[in-house]
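Written below as structure tokens is the structure these notes are about.
Reckoned from all heavy atoms, side chains included, excluding hydrogens, waters and symmetry mates.
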Amino acid sequence: MKELNQHEEQIMSILWSQGELLIRDILDQLPEPKPPYTTLASTVRNIESKGYLTHRMYGTVNIYKPIISQEEYSRKSLNRLVSNFFGGSVGNFLSFMVKEKNISQKEVKELKKMIDQMEDNK
């Protein structure tokens with residue numbers, strides 16, 4: 001499955017929160033400056049060709065909906081990030097996040113608790 005660019009992710013975020021939408025509904029929810037309708041329609045078709053959306057016809061218009069959940073997309077994106085930038089090591093990724101102070105003390109405690117539970121289940 002091909003990666004989404006930032007603009008495509010923004011469109012998917014709208015669809016994930018709303019479910020099924022027409023192009024004009026997506027356009028209404030995008031921030032200014034809004035792209036032309038035809039540009040947005042082309043982008044949505046591109047997202048569909050990448051395998052993230054499907055559509056059904058309603059009269060003469062297409063109604064688009066996600067076929068991959070936001071959670072699944074997030075998981076795949078994070079796995080790709082860890083693989084590409086941290087040598088596939090979750091430990092390296094977490095170490096980086098802690099050093100950059102992107103993880104709070106509360107989150108560190110929650111992670112430790114999760115690790116302890118995983119070890120107890122083995």
Side-chain angles (χ1 to χ4, degrees):
M1 193 173 274
K2 292 184 178 179
E3 292 182 42
L4 298 176
N5 65 40
Q6 187 175 3
H7 184 62
E8 291 168 336
E9 285 179 344
Q10 182 182 36
I11 293 166
M12 284 301 297
S13 181
I14 292 168
L15 283 156
W16 282 319
S17 69
Q18 300 293 311
E20 292 186 329
L21 292 173
L22 303 169
I23 298 291
R24 72 172 181 261
D25 297 328
I26 297 169
L27 188 61
D28 288 344
Q29 295 185 42
L30 287 172
E32 295 292 340
K34 296 180 187 290
Y37 180 93
T38 53
T39 301
L40 178 59
S42 178
T43 302
V44 170
R45 282 191 303 275
N46 190 41
I47 297 169
E48 183 176 26
S49 74
K50 290 181 177 182
Y52 294 93
L53 296 176
T54 189
H55 76 274
R56 64 182 173 86
M57 292 293 293
Y58 182 75
T60 60
V61 296
N62 292 332
I63 300 175
Y64 292 91
K65 75 174 186 175
I67 55 175
I68 182 172
S69 71
Q70 188 170 13
E71 292 78 21
E72 185 178 351
Y73 178 74
S74 297
R75 184 177 57 252
K76 287 181 180 186
S77 296
L78 186 57
N79 286 339
R80 189 170 40 250
L81 174 80
V82 169
S83 176
N84 291 343
F85 297 101
F86 298 96
S89 169
V90 173
N92 288 347
F93 171 71
L94 290 174
S95 175
F96 173 81
M97 296 300 287
V98 169
K99 288 176 185 173
E100 293 296 315
K101 303 204 182 347
N102 290 328
I103 295 181
S104 69
Q105 282 299 109
K106 180 183 175 189
E107 290 168 321
V108 170
K109 287 179 185 176
E110 290 171 0
L111 285 169
K112 285 180 183 177
K113 183 178 176 182
M114 287 172 54
I115 291 168
D116 290 343
Q117 287 174 346
M118 284 176 57
E119 289 176 351
D120 289 345
N121 290 336
K122 286 186 177 180

Lys113 and Gln117, any side-chain heavy atoms less than 4.5 Å apart: yes
Within 6.0 Å of CE in Met114, more than 12 heavy atoms from elsewhere: no
Distance in Å, Glu48 CD paired with His55 NE2, rounded so as to fall on 0.5 Å steps: 5.5 Å
pair Tyr73-Leu4: side-chain heavy atoms closer than 4.5 Å: yes
Pro66 to Gly19 - nearest heavy-atom pair and separation: CD-O, 3.5 Å
Backbone N/O of Thr39 and side chain of Thr43: donor-acceptor pair under 3.5 Å: yes
Whether over 12 other heavy atoms sit under 6.0 Å from Gln6 CD: no
Nearest-0.5 Å distance that lies between atom CD in Glu107 and atom CD in Gln105: 10.0 Å
Shared hydrophobic cluster, Ile11 / Val61 (ILVMFWY, side-chain heavy atoms < 4.5 Å): no
Glu20 and Arg56, any side-chain heavy atoms less than 4.5 Å apart: yes
Minimum side-chain heavy-atom gap Ser74-Glu71 below 4.5 Å: no
Test log, rule side-chain contact (heavy atoms from CB on, under 4.5 Å), inputs Gln29 and Leu21: CA-CA 11 Å; Gln29 295 185 42; Leu21 292 173; 4.2 Å; yes
Ile67 with Leu22, same ILVMFWY side-chain cluster at under 4.5 Å: no
Worked check of side-chain contact (heavy atoms from CB on, under 4.5 Å) between Asn92 and Phe85: CA-CA 9 Å; Asn92 288 347; Phe85 297 101; over 6 Å; no
Partner set under side-chain contact (heavy atoms from CB on, under 4.5 Å) for Ser95, not counting sequence neighbours: Lys99
Spacing of Ser77 atom OG and Asn84 atom CG [to the nearest 0.5 Å]: 11.0 Å
Check: Leu27 and Pro35 side chains under 4.5 Å, non-hydrogen atoms: yes
Connected via hydrophobic side-chain network under 4.5 Å: Leu78 and Val108: yes
Distance, nearest 0.5 Å, that separates CG of Asn46 from CG of Leu40: 12.0 Å
Glu9 side chain reached by Tyr52 side chain, heavy atoms, under 4.5 Å: no
pair Lys2-Ser49: side-chain heavy atoms closer than 4.5 Å: no
Counterpart residues, ring-ring contact (aromatic ring centres under 6.0 Å, His included), relative to Phe86 (two or more places apart): Phe93, Phe96
For Lys50, all residues meeting salt bridge (charged side-chain N to carboxylate O under 4.0 Å, His left out), sequence neighbours excluded: Glu8
Arg24 atom CZ, over 12 foreign heavy atoms within 6.0 Å: no
Pair Lys76 + Glu72, salt bridge at N-O below 4.0 Å: yes
Cluster check Tyr37, Leu15: I/L/V/M/F/W/Y, side chain < 4.5 angstrom: yes
Lys34 atom NZ, over 12 foreign heavy atoms within 6.0 Å: yes
Hydrophobic cluster membership, Ile63 vs Ile14, 4.5 Å side-chain cutoff: no
Main-chain N/O of Asn79 paired to Ser83 side chain as donor or acceptor, under 3.5 Å: no
Straight-line distance of Gln70 CD to Ser17 OG, nearest 0.5 Å: 8.0 Å
Stepwise side-chain contact (heavy atoms from CB on, under 4.5 Å) test for Met12 and Leu53: CA-CA 9 Å; Met12 284 301 297; Leu53 296 176; 3.5 Å; yes
